[in-house]
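Below: the structure, in structure tokens.
In what follows, residues are counted from 1 in the order of the sequence shown.
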Amino acid sequence: MYGKTICTIVFFIFLVASFSIYMGTVDPRPYFYLREPSPCSSTGKQPLRVFMYDLPRKFNVAMMDPRSSDVEPLTGKNLPSWPQTSGIKRQHSVEYWLMASLLQGGGGGDDAEAIRVFDPDLADAFYVPFFSSLSFNTHGKNMTDPDTEFDRQLQVELMEFLENSEYWKRSGGKDHVIPMTHPNAFRFLRQQVNASILVVVDFGRYPKDMASLSKDVVSPYVHVVESLTEDGDGDDDGMRNPFEARTTLLYFRGNTARKDEGKIRLRLEKLLAGNSDVHYEKSVATTQNIKVSTEGMRSSKFCLHPAGDTPSSCRLFDAIVSHCIPVIISDKIELPFEDEIDYSEFSLFFSIKESLEPGYILNNLRQFPKEKWLEMWKRLKNVSHHFEFQYPTKREDAVNMLWRQVKHKIPTVKLAVHRNRRLKVPDWWL
């Protein structure tokens, strides 16, 4: 009896399935063979595929080591290490660490945000390994130095190379990634690369028609102080009570003569210097002074970050890796990775107007609750690894975070490129 019932049910299911297939309401193919993926489908997390141009070494590592030769290809094995004696030049070395990550093969193992491809037709983005910031720092001491002609000539030769590249022509340079973290980097021919994805530290020296958050990537400065790492007890200050261990309330040590928004530094000096719980000192960046600043930040609860010649400065990221709560005074600052990181969880912000009100900053800091400071300090410790530049790269470090930011720009780039290929009248709706 049960056998007849089962046979009847199976026959009924078969009849319904056959009718559905015949009518087209069921597609049996997924159960019998694999479909080719759609070009628009997502198969999970995929690293950004980056083609890196093979430029002569005079455009990059030869500025670090003049003995570097073009005879053999540059690889992760023969890549010169970033010099430990570079001092303040290190803050603009983002271009080096991005290049190193591609020579490494992307870094971070399975967590790499970018991998190098050698077939440009497979690339999502194109990396231009011109050390424009190091070129400015190397070729000439100031804007009027005759040696800056070599910097200009490198830019001319690079643009000739790019404009002859079929891949630059194909997108108008929109899918090309060009780092220029020094405010004066690429200054001679900057307008010729304004369509590209620029890696900058802020927009202080860029007109709005050249750089913006919509197409460009904001990078951290590379910190110049040594990072504070956890000891065996898991307490990075080596003490059980970091709030009490950090005896200085507010710390600033740096150049007080600055342009634009940075002029505020001199005015802040008059308001803050002389207070017993504040260390406010004029200083220049030398190897010894960097060591002194390292110790000063590690022994302070709050570290002051006023604007420099541009809205941001390396000091902010020195504070972060020193686990010193940043006090940011800048009305026009842009911060890296802000779509993923909420800086208000571990930083304090004051407008320029607020900061110049006598007693305003110090009263707020002196009354700051210990429990809230400890909460912000713990959050600061938890995000500090995102601001580490290193080779080989590690998961979620600054290099991988930057490549992820570039990856976020690619859909907009592809939209613009694809539209331009078919439009007879570009942007007819404007």
Practice task
Evaluate the side-chain hydrogen bond (donor to acceptor under 3.5 Å, both in side chains) criterion for residues R395 and N400: first the C-alpha distance (whole Å), next the side-chain angles of each, then the deciding distance (0.1 Å), finally the verdict.
Solution key: CA-CA 7 Å; R395 182 176 182 269; N400 274 310; over 6 Å; no

Problem - Steps toward ring-ring contact (aromatic ring centres under 6.0 Å, His included) verdict (F368, F302) - result: CA-CA 11 Å; F368 204 82; F302 299 96; 5.5 Å; yes

Exercise for the section: Apply salt bridge (charged side-chain N to carboxylate O under 4.0 Å, His left out) to the pair R152 and E149, showing each step before the final yes or no. Expected result: CA-CA 5 Å; R152 189 193 70 81; E149 174 58 24; 2.7 Å; yes

Exercise for the section: Under the ring-ring contact (aromatic ring centres under 6.0 Å, His included) rule, what do Y96 and Y391 come out as? Steps first, then yes or no, please. Expected result: CA-CA 10 Å; Y96 168 83; Y391 178 80; 7.6 Å; no

Problem - Audit row: T181, E95, side-chain hydrogen bond (donor to acceptor under 3.5 Å, both in side chains) steps and yes/no - result: CA-CA 8 Å; T181 54; E95 53 208 13; 5.2 Å; no

Exercise for the section: I would like to know whether D339 and Q405 meet side-chain hydrogen bond (donor to acceptor under 3.5 Å, both in side chains); could you show each step before the answer? Expected result: CA-CA 9 Å; D339 57 338; Q405 291 293 305; 3.0 Å; yes

Practice task
Decide yes or no on side-chain hydrogen bond (donor to acceptor under 3.5 Å, both in side chains) for R298 and S322, but give the supporting numbers first.
Solution key: CA-CA 6 Å; R298 292 182 180 187; S322 300; 5.1 Å; no

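Using a distance-only test at 3.5 Å, with no hydrogens or angles considered, no donor-acceptor pair links the side chain of N255 to the main chain of K282. At distances below 3.5 Å, not a single donor-acceptor pair connects side-chain atoms of S293 with backbone N or O atoms of I290. D318 places no side-chain N or O within 3.5 Å of a backbone atom of H223 that could act as its donor or acceptor partner. In terms of modelled atom types and a separation under 3.5 Å, the side chain of Q91 and the main chain of V222 share no donor-acceptor contact. With N137 contributing its side chain and K89 its backbone, the two residues share no donor-acceptor pair below 3.5 Å. The closest donor-acceptor contact from the side chain of D397 to the backbone of K394 lies under 3.5 Å. At least one donor-acceptor pair under 3.5 Å links the side chain of S196 to the backbone N or O of G173. The closest donor-acceptor contact from the side chain of R265 to the backbone of T256 lies at 3.5 Å or more, if one exists at all. Of the possible donor and acceptor atoms, none in the side chain of N164 sits under 3.5 Å from a partner among the backbone N and O of F161. A donor-acceptor pair is defined here as one N or O able to donate and one able to accept, closer than 3.5 Å; such a pair exists between the side chain of K215 and the backbone of M210.
W97 and S101 share no donor-acceptor pair across their side chains, judged by distance under 3.5 Å alone. For the residue pair S283 / R253, a side-chain donor-acceptor distance below 3.5 Å is found, with atom types taken as modelled. Between the side chains of S135 and D151, a donor-acceptor pair is found at a separation under 3.5 Å.
Comment: R366 engages D277 in a salt bridge, judged by a side-chain N to carboxylate O separation of less than 4.0 angstrom. A salt bridge between E72 and K77 is absent, with no side-chain N of the basic residue lying under 4.0 Å from a carboxylate O of the acidic one. Of the charged side-chain nitrogens involved, none lies within less than 4.0 Å of a carboxylate oxygen, so that E375 and K372 do not count as a salt-bridged pair. Between D175 and K409 no salt bridge is recorded (no basic side-chain N to carboxylate O distance below 4.0 Å).
Considering every non-hydrogen atom in both R205 and P183, the closest pair reads NH1-CB, 3.5 Å.
A 6.0 Å sphere centred on CG of N363 holds more than 12 heavy atoms belonging to other residues, nucleotides or ligands. By the 6.0 Å contact criterion, CD on Q191 is enclosed, its count of non-hydrogen atoms from other residues, nucleotides or ligands being greater than 12.
Put simply, CZ on F389 and CZ on R90 are 9.0 Å apart, with the number rounded to the nearest 0.5 Å. Put simply, NE2 on H385 and OG1 on T229 are 15.0 Å apart, with the number rounded to the nearest 0.5 Å. Note that CG of L304 is 11.0 Å distant from CG of L348, once rounded to the nearest 0.5 Å. Separating the CZ atom in F350 from the CG atom in N364 is a distance of 4.5 Å, to the nearest 0.5 Å. Atom-to-atom distance recorded for L102:CG and M52:CE is 5.0 Å, nearest 0.5 angstrom. The CG atom of D216 sits 8.0 Å away from the CD1 atom of I197 when rounded to the nearest 0.5 Å.
Ring geometry for F317 versus Y221: interplanar angle of 30 to 60°, hence tilted. The aromatic rings of H92 and H182 lie tilted to each other, with the angle between the two planes from 30° to 60°. A perpendicular orientation is assigned to the rings of F130 and F186, their planes being inclined by more than 60° (bins at 30° and 60°). In this pair, W373 and F243 present their aromatic rings perpendicular. The plane angle is above 60°, beyond the 30 to 60° band. In this pair, H176 and F126 present their aromatic rings parallel. The plane angle is below 30°, not in the 30 to 60° band. Using cut-offs of 30° and 60° on the angle between ring planes, the pair F337 and F387 is tilted.
Remark: H279 pairs with E281 by the side chain to side chain donor-acceptor pair (under 3.5 Å) rule, at least two apart or across chains.
With W403 as the aromatic partner, K407 does not meet the cation-pi criteria of under 6.0 angstrom to the ring centre and within 45 degrees of the ring axis. In this structure, R116 forms no cation-pi arrangement with F51, as its terminal cationic atom is not both closer than 6.0 Å to the ring centre and no more than 45° off the ring axis.
Applying the side chain to side chain donor-acceptor pair (under 3.5 Å) test to every pair with at least one member in residues 55-65, sequence neighbours left out, gives these pairs: R57-S68, K58-E157, D65-R67.
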